Amino acid sequence: MTAQKIDGKDIAAALRGRIGTAVAALQKQHGKTPGLAVVLVGEDAASQVYVKNKGIATKEAGMTSLEFRLPEDTPEAELLDKVRALNADPAVNGILVQFPVPDQISQQKIIDTIDPSKDVDGLNPANAGRLVSGLIDGKKGALTPCTPLGSVILAKETLAKKGGDLTGKHAVVIGRSNLVGKPVAQLLLNENCTVTMAHSRTVDLPAVCRQADILVAAVGIPEMVRGDWVKPGACVIDVGINRIDAPEKGEGKIRLVGDVAYAEAAEIAAHITPVPGGVGPMTIACLLRNTLTAFCRQNGFEEPEV
Ligand code: NAD
């Protein structure tokens, strides 16, 4: 069997399109536009690319994009003041501080200071707690981290195309970070999956993975999940993004691979996300979705189905 590739680019583009349509309709109805503020501290090259791409996608969806670039040596107190000012700004519905931040700044303090209703990264403990409590919808519902949300949308849409859903499926999530593994597991639980969380101390990880109808890899080890770890017919969602040397492309060149050995796993699985072009594009689309959600909840507008 050769697995069907789950095209994250296509699914993300369609989601961004639906968000753009909803934004235009809300603008027409209420005369208001969602605003997303992104704060970047320092000159990290990868972060600069991410922030630029987020700005482009935000504007393309018809939202207001506000970008704040602060120098590398910005004191923690100054960044916290910036976050508080954005919390108080009614034109800002979503706030994202690009991580990692320089060493003098505590990432957790930033996360704790962002108003939970504007926390479009979904990392504030209030949002994490709401997610664990199953409070996802409604004014007090969790804003959920973007990559996990995107990963679960990919699995859900893939199974829906086959006329199925996630209910009762055994999902194995490898990785237990607050950013990816834990929220993915909670979202899958909310979709009525039976969830197993695996991690660096899991005994006989290949055998655990072989039980998975839905296998989510969020580890950060290039091609760790081999073909014989995959249950025949499984849906494999590869969150990993790893840069490895690619001498075949020329000296000093690199290429991106996931946490799953794609070619091997694609022989066994029914569906699999590629890297790049799988989960990656969903992250920005879900950031826009969270911004739209936050905007609607803050204004008391009905949340459009996107
Ligand atoms: P992390 O380092 O915070 O967590 C990694 C997790 O993997 C840990 O919970 C650890 O227990 C587990 N782990 C480590 N070694 C293991 C092993 N040998 N066997 C089993 N489990 C092991 O990383 P993260 O922030 O959760 O990110 C995971 C991956 O996802 C990375 O490759 C990262 O680049 C990628 N990522 C992608 C996106 C995206 O937009 N696609 C977003 C965030 C993270």
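These numbers come from a predicted model, not from an experiment. One-based numbering, in listed order, for ligands and for the atoms of each. Numbering of residues begins at 1 and proceeds along the displayed sequence.
- Residue Asp259 places no N or O, backbone or side chain, under 3.5 Å from any N or O of ligand 1.
- Atoms of ligand 1 found under 4.0 Å from any heavy atom of Asn242, numbered from 1 in the order shown, are 32 (O).
- A cation-pi arrangement is present between Lys82 and Phe68, with the terminal nitrogen or guanidinium carbon under 6.0 Å from the aromatic centre and inside a 45° cone about the axis.
- Residue-ligand proximity: Ala218 is placed with a non-hydrogen atom under 4.0 Å from ligand 1.
- Protein heavy atom nearest atom 42 (C) of ligand 1, with residue, atom name and distance: Thr147 OG1, 3.2 Å.
- In this structure the side chain of Leu187 reaches within 4.5 angstrom of the side chain of Ile136, judged on heavy atoms.
- The part of Ile174 lying near ligand 1 is the side chain, judged by heavy-atom distances below 4.0 Å.
- Taking atom 8 (C) of ligand 1 as the reference point, the nearest protein heavy-atom neighbour is Arg176 N, 3.9 Å.
- Of all atoms in ligand 1, numbered sequentially from 1 with element shown, those under 4.0 Å from a heavy atom of Gly280 are 41 (N).
- With salt bridges taken as basic N to acidic carboxylate O contacts below 4.0 Å, one links Glu67 and Arg69.
- The contact set between ligand 1 and Ser200, taken as ligand atoms under 4.0 Å from a residue heavy atom, comprises 11 (O), 13 (N), 14 (C), 15 (N), 16 (C), 17 (C), 19 (N), 20 (C), 21 (N), 22 (C).
- Numbered from 1 in the order shown, with element, the atoms of ligand 1 that lie under 4.0 Å from a heavy atom of Gly175 read 6 (C), 7 (O), 9 (O), 12 (C).
- Counting protein heavy atoms only, atom 31 (C) of ligand 1 is closest to Gly220 CA, 3.7 Å.
- Residues Asp165 and Lys156 are not paired through a salt bridge, judged by the lack of any N-O separation under 4.0 Å between the basic side chain and the carboxylate.
- Ranked by closest heavy atom to atom 15 (N) of ligand 1, the top entry among Asp238, Thr283, Val208, Ile221 is Ile221.
- Just one of Leu123, Val120, Val83 meets the side-chain contact (heavy atoms from CB on, under 4.5 Å) condition when paired with Ile114; it is Val83.
- Contact detail for Val208 and Val203: the closest heavy-atom pair is CG2-O, 3.9 Å.
- Looking only at protein heavy atoms, the nearest one to atom 1 (P) of ligand 1 is Ser177 CB, 4.1 Å.
- Contact check on Asp112 versus Lys109 returns no salt bridge, with no Lys/Arg side-chain nitrogen under 4.0 Å from an Asp/Glu carboxylate oxygen.
- Nearest protein heavy-atom neighbour of atom 13 (N) of ligand 1: Val219 CG1, 3.6 Å.
- In this structure, atom 25 (O) of ligand 1 lies nearest to the protein heavy atom Leu179 CD2, 3.8 Å.
- Using cut-offs of 30° and 60° on the angle between ring planes, the pair Phe301 and Phe295 is perpendicular.
- Heavy atoms from both the backbone and the side chain of Ile241 come within less than 4.0 Å of ligand 1.
- Among protein heavy atoms, the minimum distance from atom 27 (O) of ligand 1 is reached at Val180 CG2, 4.2 Å.
- Residue-ligand proximity, Leu205 to ligand 1, at heavy-atom distances under 4.0 Å covers atoms 19 (N), 20 (C).
- Using a 4.5 Å heavy-atom threshold, the side chains of Ile214 and Leu166 count as touching.
- Residues Leu188 and Val173 form a side-chain contact, since some pair of their non-hydrogen atoms from C-beta on lies under 4.5 Å apart.
- Protein heavy atom in closest approach to atom 30 (O) of ligand 1: Val239 O, 3.5 Å.
- Taking a cutoff of 4.0 Å between a charged side-chain nitrogen and a carboxylate oxygen, Glu248 and Arg255 qualify as a salt bridge.
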